[in-house]
Amino acid sequence: MSERKDFLRTIVEADIKSGKVKEVVTRFPPEPNGFPHIGHAKSIAINFGIARDYNGHCNLRMDDTNPTKEDTKYVEALKSAVEWLGFEWKDDVCYTSDYFPRIYDYAIELIKMGKAYVDSLPEDEIREYRGTVKEAGKRSKYADRTIEENLELFEKMKNGEFKDGEHILRAKIDMSAANMKLRDPLLYRIRHVEHFRAGKTWAVYPMYDFAHCLSDYIEGVSHSICTLEFENNRDIYNWVLETLGLTPERPYQHEFARLGINYTVMSKRKLLELVEGGQVDGWDDPRLPTIAGYKRRGYTPESILAFCDSVGIAKANSMVDVSQLEFCIRDDLNPKVPRVMCVLDPLKITLVNYEGNEEIETSYYPHDVPKEGSRKLPFSNEIYIERDDFMQNPPKDYFRLTPEQSVRLKGAYIITCKEVIKDTSGNVIEIKAEYSKESKSGSDTSGIKVKSAIHWVDANAAIKVEVRLYDRLFSVEAPEGVADLNANSLTVIKDAYIEPAVINEKPDERFQFERQGYFYADPVDYTDAKPVFNKIVGLKGSWDKKKTKTETVPKIRAKKEQVDGEVVAMSDAQTALFTKYTQELKLNSEVANTLARDSQLSAFYEEALSEINSPVSLANIVTNEVARELKQMQISELKFSTSQISQLVKIIDDGTISNKIAKQVFQEMVKSGDNPSKIVEDKGLVQISDPAIISAIINEVMAKNPDNVEKFKTGNTKLLGFFVGQVLKSTGGKANPQVVNKLVAEMLK
RNA sequence: UGGGGUGUCGCCAAGUGGUAAGGCACUAGUUUUUGGUACUGGUAUUCGGGGGUUCGAGUCCCUCCACCCCAUCCA
């Protein structure tokens with residue numbers, strides 16, 4: 001588990017520490033309208049994981065507010081996904097539909113407060129009235145209805161007295177809000193549809209934005225974690241809770257970036273299209289990124305969870321490389337599963353000097369997997385090897401069987417090719433070979449050196465099995481539709497040959513087929529009469545990669561040309577200010593520019609300047625420090641005054657404090673509004689410039705870091721900053737950095 | 001001149017103004033009866049671009065650029 005916390009856990013910890021939150025309560029709130037995919041797994045891992053890490057709990061809640069789309073079969077899929085991943089939800093599964101009565105009451109309350117109204121505009125007009133992203137909307141004429149009228153109408157809506165779409169309940173917020181979600185959002189719509197749980201009780205159903213925050217509140221959720229696309233919805237989330245006065249212990253929403261993986265699709269809509277379009281064989285098709293698909297393919301819950309953990313949680317949209325997922329499943333299975341031999345594309349070998357047959361006891365696990373268990377490998381004069389483990393005209397770095405190169409049959413003997421038999425069209429159909437009697441595995445006295453050991457099966461004892469090979473579902477990294485499907489995503493091998501112990505003894509359900517990959521006994525189609533194995537993932541394999549590498553087109557990346565946009569021209573007044581600042585006050589143009597363009601800043605600057613004649617230093621402080629504070633508030637809200645800033649500049653100019661300390665003092669001024677000189681005095685921040693004192697400290701630091709001194713002397717000059725930093729740290733930032741710098745440079749020479 | 005987000009290696013992702021973590025991928029070597037695993041090394045003089053502040057900037061300020069989300073009676 002990684003030491004470093006993700007940003008969500010950082011927030012949660014801060015909330016616990018500040019006392020804002022007593023118990024951490026999260027929830028995984030899917031809408032039961034589709035099968036969960038690995039993106040849901042990430043959300044499950046986050047929500048249940050955080051609850052577990054902070055001794056809280058996590059609810060599984062079906063967000064079932066839209067009766068036209070939802071169904072019980074999806075509820076079951078969701079539940080089993082969470083269980084399969086190994087998490088437990090608190091008490092019973094929750095349903096938003098169970099809260100319908102309370103949510104309805106909250107709606108009434110909002111109406112009574114005059115904060116919600118029944119609108120009777122037709123759908124297209126509502127859309128039209130909403131305005132656009134760049135233009136304000138306008139309010140419906142129905143917004144003026146009286147509270148009584150609204151109450152009566154809403155009651156009738158609930159009672160089913162109106163048709164679908166005839167009326168709608170909306171919040172009364174702001175039709176010209178820059179955030180479009182706030183333009184009188186819809187709260188309730190009429191739906192004469194039977195709900196899969198609530199039945200026919202309701203004719204009105206709450207919208208997501210109204211139901212979700214209230215459901216969180218009702219369940220006592222502390223951290224409502226969702227994906228980035230809900231960032232705009234956070235304002236309504238807060239509006240509803242605040243307007244209803246639901247302040248104590250209320251939930252807060254936090255957003256993270258959803259998971260994307262290349263060569264696949266991750267939206268329920270696209271997944272549904274594939275399933276319904278027959279491009280895949282159901283929701284649990286092993287090529288799908290659904291939990292059911294991964295489960296059927298043979299992925300373990302541990303590997304999925306490890307993957308979710310490894311990709312991290314952040315806010316940047318990203319697309320994770322499938323190889324990261326593949327690493328996780330290999331990493332999980334490698335130390336766990338038995339090694340077994342299976343030939344997918346058989347080439348017959350006849351051992352001309354071998355008679356009879358035998359059974360060779362062989363461990364299921366390689367030397368580096370500390371597990372017990374073995375089976376008997378039948379051996380006779382007829383065996384199968386993999387077709388591409390023989391080459392008649394091999395390249396130099398080919399390690400397997402050739403007419404000139406012997407090879408070991410893993411766990412058995414070394415064989416040498418004697419004759420290559422071909423059919424009329426030149427295909428190799430059989431090899432006649434000799435085995436070395438003295439080369440038996442474990443008691444090899446033959447002295448023959450081979451470059452590799454290949455897998456094989458006894459032709460007579462092997463069992464025919466079906467093996468399903470999966471490749472990426474799409475052939476492009478960011479697929480857009482069925483046109484991007486990979487035509488070869490599924491290869492079915494009907495007649496692969498596997499050693500008998502796998503079928504007869506069933507030592508496990510997941511195996512490593514030696515030298516090929518990890519495979520899983522298909523939980524649906526496998527029968528003893530017709531065993532079926534799914535390929536989970538291939539082994540890493542550096543040989544195959546070398547072969548195919550030459551084919552991959554080298555990426556030619558055109559250097560992105562950075563186009564600079566046009567800077568907005570200054571107004572006449574701004575230009576005049578700019579000229580004054582650069583010409584009269586000798587400010588550099590960047591600082592002058594910033595000041596001149598910001599009327600608040602320039603006003604602040606001018607006022608402070610009237611108290612101290614140090615235009616450049618003052619301008620620097622104002623543009624760089626004061627500007628930050630002014631981004632969040634008006635001048636009138638600042639705790640510090642212009643004259644205090646002048647005082648600050650004064651003690652910087654006269655050398656009382658360094659620039660570094662000035663930042664610290666400024667931060668204190670922002671918080672307390674105290675005079676800078678008082679802060680300096682209270683905290684003893686006067687800078688130390690005495691070279692004698694500073695040299696002593698430098699000596700200490702050097703004594704503590706002999707390695708770095710050495711590194712520095714051998715040329716790593718980046719370390720100068722390290723030493724300066726250390727010295728400053730040990731003086732609490734008070735050492736005069738310029739003196740420190742000079743001294744360190746001299747002393748390290 | 002709508003608003004809200006995000007830009008650190010090929011892909012993810014850490015990073016209180018003081019030596020640019022880690023994983024995947026890639027690569028070289030050691031071990032190996034899996035071209036696997038394990039182990040050891042190599043992989044960002046630089047953080048979207050340009051300026052500024054500072055002794056010192058991925059971190060602070062200004063500005064430009066790119067990408068994502070928002071105008072379902074979906075969630």
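Reminder, nothing fancy here: chain letters follow the sequence lines and each chain counts from 1. The structure displayed is predicted, hence computed values, not measured ones.
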(message) Holding to ring pair (Phe, Tyr, Trp, His ring centres under 6.0 Å), I want the full list of residues that pass it with A:F578, two or more places apart in sequence or in another chain.
(response) none
(message) Please tell me if A:K660 has a side-chain N or O lying less than 4.0 Å from either OP1 or OP2 of B:rG17.
(response) no
(request) Both distances under 3.5 Å, Watson-Crick or G-U wobble: report the partner of B:rG2, or none. (result) B:rC70
(message) Reading RNA chain B from 5' onward, which residue's closest nucleotide shows up sooner: A:N593 or A:A453?
(response) A:A453
(request) For A:Y398, enumerate each residue passing the ring pair (Phe, Tyr, Trp, His ring centres under 6.0 Å) test, keeping only those at least two apart in sequence or located in another chain. (result) A:W543
(request) Would you classify B:rU27 as syn or anti? Syn applies when the glycosidic angle is within 90° of 0. (result) anti
(request) Report the relative orientation of the aromatic rings in A:F519 and A:F513; use parallel for angles under 30°, tilted for 30 to 60°, perpendicular for over 60°. (result) parallel
(message) Tell me every residue that passes ring pair (Phe, Tyr, Trp, His ring centres under 6.0 Å) with A:H455, counting only those two or more places apart in sequence or in another chain.
(response) none
(request) Using a 4.0 Å cut-off on protein heavy atoms (strictly under), produce a 5'-to-3' string for nucleotides 69-75 of chain B with B for base contact, S for backbone-only sugar-phosphate contact, and - for none. (result) BBBSBSB
(request) Decide whether A:D184 and A:Y129 meet the rule of one side-chain donor and one side-chain acceptor closer than 3.5 Å. (result) no
(request) Using a cut-off of strictly less than 4.0 Å between a heavy atom of the residue and any atom of RNA chain B, enumerate the qualifying residues of residues 327-338 of chain A by number. (result) A:F327, A:N334
(message) Once side chain to side chain contact (heavy atoms under 4.5 Å, CB included) is applied, do any residues pair with A:P691, and if so which ones, sequence neighbours excluded?
(response) A:L743
(request) Just jot down the side-chain hydrogen bond (donor to acceptor under 3.5 Å, both in side chains) partners of A:S323, sequence neighbours excluded, or say none. (result) A:D321
(request) Return no unless some side-chain N or O of A:R339 is found under 4.0 Å from OP1 or OP2 of B:rG36. (result) no
(message) So, using side-chain hydrogen bond (donor to acceptor under 3.5 Å, both in side chains) as the criterion, who are the partners of A:D444 when residues are at least two apart?
(response) A:R408, A:S446
(message) For A:E255, give me all partners under salt bridge (Lys or Arg N to Asp or Glu O under 4.0 Å), at least two apart in sequence or on another chain.
(response) A:R234, A:K315
(message) Using a heavy-atom cut-off of 4.0 Å across all strands, would you classify A:Y398 as base, sugar-phosphate, or nothing?
(response) base
(request) Indicate, with a heavy-atom threshold strictly under 4.0 Å, whether A:G137 touches base, sugar-phosphate, or nothing. (result) nothing
Which atom pairs link the protein and nucleotides 43-47 of chain B when you take only N or O atoms and keep those under 3.5 Å?
from	atom 1	to	atom 2	distance (Å)
B:rU46	O4	A:K718	NZ	3.4

(message) For the NZ atom on A:K371, are there more than 12 heavy atoms of other groups (residues, nucleotides or ligands in this structure) within a distance under 6.0 Å?
(response) yes
(request) With sequence neighbours left out, write down each residue that passes side-chain hydrogen bond (donor to acceptor under 3.5 Å, both in side chains) with A:N624, or none if nothing qualifies. (result) none
(message) Can you tell me if A:N588 touches the phosphate of B:rU53, counting only side-chain N or O atoms and a distance under 4.0 Å to OP1 or OP2?
(response) yes
(message) For a quick test of reading the model: is some side-chain N or O of A:Q738 closer than 4.0 Å to OP1 or OP2 of B:rC55?
(response) yes
(request) Describe the nucleic acid contact of A:N620 in one word from base, sugar-phosphate, nothing, applying a heavy-atom distance below 4.0 Å. (result) sugar-phosphate
(message) Any base atoms under 4.0 Å from A:G442, or only sugar-phosphate, or nothing? Heavy atoms, all strands.
(response) base
(message) Does the structure show a Watson-Crick or G-U wobble partner for B:rA57, both distances under 3.5 Å? Name it, or say none.
(response) none
(message) Judged by each residue's nearest nucleotide on RNA chain B, which is more toward the 5′ side, A:V568 or A:R628?
(response) A:R628
(request) Could you pull out all residues at least two apart from A:Y413 that satisfy ring pair (Phe, Tyr, Trp, His ring centres under 6.0 Å)? (result) A:F379, A:Y435
